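Here the structure is laid out as structure tokens; the discussion comes afterwards.
Bear in mind that the values here come from a model prediction, so they are computed numbers and not experimental data.
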Amino acid sequence: MAGILDPMAYDVATPVFEGPFDLLLHLITREQVDLYEISISRIIDAYLAELDRMENLDLDVATEFLLIASTLIELKTRRLLPGRDDVDLDEELALWEERDVLLARLLECKTFKDAADVLSRLAAAADRSVPRRTGLEERFLSLTPDLLAGVTPARLKDAFIRAVTPKPPARVLLDHVAPIRISVQDAVEELIDELPRVGVITFRHLTQELVERLEVIVRFLAVLELFKEGLVDLDQDGNFADLTVTWLGDKAVTLESLSVEEYQG
Amino acid sequence: MASEEERAIEAILMVAEDPIEPGLLAQLLEVSVERVEAMCTALAESYEADDRGFALVRVAGGYRFQSHPDLSPYVERFVLEGQNARMSSAALETLAIVAYKQPVSRAQVSAIRGVNVDGVMRTLQVRGYIEEVARDPGPGQAVLYGTTRMFLEKLGLDTLDDLPPLGDFVPGPDVVEALEQGLRPDA
Amino acid sequence: MASEEERAIEAILMVAEDPIEPGLLAQLLEVSVERVEAMCTALAESYEADDRGFALVRVAGGYRFQSHPDLSPYVERFVLEGQNARMSSAALETLAIVAYKQPVSRAQVSAIRGVNVDGVMRTLQVRGYIEEVARDPGPGQAVLYGTTRMFLEKLGLDTLDDLPPLGDFVPGPDVVEALEQGLRPDA
């Protein structure tokens, strides 16, 4: 099995994941065989690959994926930049806190996954028996009251209309999920319009007008997309220096010519 | 010591809803009909000898478990006290859907009402208000239900055409979807 | 020699469609609940000792007859409708969260699983494993869900207390360490 060593193997071997926790749990516990070789980079690669594969970017799922990806990417950034004398302590604590929240959520998710396995075994054992549901013998049926007494055709009609009238939709509380206003596809589109004109720009400048942290992340993912396509080069002069994005591509790259078009949705 | 075949007969008859013909038991157990009959007789005798409160009887061409006639007073009490005598609104809604949308599968009724209707449908069937009228020709061959002659009689209707017309009433899109797609095997 | 009360229990359970609560049996037989429970236990043991193909079990708060698990190959051949459809792992995980966290809102379940669970929750509700049990008193008045009697039956449990404690499933230190290691910024 080449799976452990070959990051691309995730593309072949991973089943369809139901969500970001599912995927992250799979990636991490899979690497557990090689505990000290766990690489956040590979996890992020697989993560981005999964985002890539999502043909219709379901907003809820995408948001969760992106939030977790952002934490992972921040963690990775810290690994890449070992010198940390000038680190903002608050920021550092916030990152650790975020990581702990992520860890806690992963543990909770794992707990219920394992509980589900046991429920599955219980259900399988129970399925081996079939309950008796035969009911009354004919000789007792005459004792049972006539349930239709007093039911008129008009009442029956009312009952039907009641049954098929749409119920008010259950309200879905979205407070816990930040609205995502921009897709990776949109961000790529903006970048291939803007970057050929400016040539070289720092990531900070590229995102300075963005308010939502999530939008910044989406931009970052879009930049990574272009990097994968060989359309930009990424440079960083030193620890905590600005990330410089340099346009390498043609002036007239269109979205359609990029593989990111599958982000549509 | 009971044989595997005898135990299998007990298991099957315990979950069967109607009397089971010896021919079917013979087929399921891969033994002769004579042997099935001999085993059923032996089982019936052993319950009698053990003084059980149930009996294995041959009725309507098949075998079934039923309560022992001795215990009828208890069963009658159970029937009278153990069930509520009013048609619940859940039952009435279910019956109305079957009446207006027949032939209809349990899964479709369930999808329209948004809850499991197995118990209610079974009760309605035992009461003789609905019955199996066909099988869905599609995969899964779901049983399709319709109302009975007795249902019409109880409501004082001559034919189903005499049900009050629904007029301009248009069901919600989820109902339409349930009726169109409900025949697919349960997810 | 079986007592009249034991025989009456056998007769009633033979015609019951759902598990019968010991309280109802006690009322019908005019004996104490303790005595009903002792008799049911004795009956269950005698079927086991006689090597019967059926069993008397306690499930979802009541007693019922069911086929013996040993005979499932025969019963499966006989039961045509696939009533024992396997649940997907998504359905099982969602069900596990509802079972242990009830009463719980869809948003809460969704937050734990990290995915939208509307579709799965609806399927579980239509199949009768979960139901609305309350409304969150807070703003929004989210619907809160819990498991049903049918859920207990599906799992062969008597009460929710029979669920294995959630603490049994909290990941061991090795898993925690692996996760922690995987997310360590300075590894």
Contact check, side chains of B:Met14 and C:Gln66, non-hydrogen atoms, under 4.5 Å | no
Interface residue of largest heavy-atom contact number with chain C, from B:Leu43, B:Asp70, B:Leu71, under 4.5 Å = B:Leu71
Distance (rounded to the nearest 0.5 Å) between B:Glu6 CD and C:Asp51 CG = 10.0 Å
Whatever's closer than 4.5 Å to a heavy atom in chain C on B:Ala16 counts as both
Relative to chain B, which segment of C:Glu30 carries a heavy atom at a distance below 4.5 Å: side chain, backbone, both, or neither?
-> side chain
State, with a plain yes or no, whether a side-chain heavy atom of B:Asp50 is found less than 4.5 Å away from one of C:Asp50.
-> yes
When rounded to the nearest 0.5 angstrom, what distance separates CZ in C:Arg127 from OG in B:Ser110?
-> 10.0 Å
Would you say C:Glu132 and B:Val115 make side-chain contact, with heavy atoms under 4.5 Å?
-> no
Below 4.5 Å from any heavy atom of chain C, which atoms of B:Ile9 appear? Answer side chain, backbone, both or neither.
-> neither
Please step through side chain to side chain contact (heavy atoms under 4.5 Å, CB included) for the pair C:Leu24 and B:Phe78, ending with a clear verdict.
-> CA-CA 9 Å; C:Leu24 176 58; B:Phe78 168 67; 4.1 Å; yes
Do side-chain atoms of B:Arg52 reach the backbone of C:Arg7 as a donor and acceptor pair under 3.5 angstrom?
-> no
Should we count CD of C:Glu48 as having more than 12 external heavy atoms under 6.0 Å?
-> no
Please work out which of the three classes, parallel, tilted or perpendicular, describes the rings of B:Phe54 and C:Phe65, given edges at 30° and 60°.
-> perpendicular
Check: C:Tyr74 and B:Leu28 side chains under 4.5 Å, non-hydrogen atoms = no
Structural part of B:Ile20 lying under 4.5 Å from a heavy atom of chain C | side chain
Report yes if some heavy atom in the side chain of C:Ile12 is under 4.5 Å from a heavy atom in the side chain of B:Arg77; otherwise report no.
-> no
Do B:Asn116 and C:Tyr129 touch side chain to side chain, with heavy atoms closer than 4.5 Å?
-> no
Got more than 12 heavy atoms from elsewhere within 6.0 Å of CD, B:Glu21?
-> no
What pair of heavy atoms forms the shortest contact from B:Ala11 to C:Gly53, and how long is it?
-> CB-O, 3.3 Å
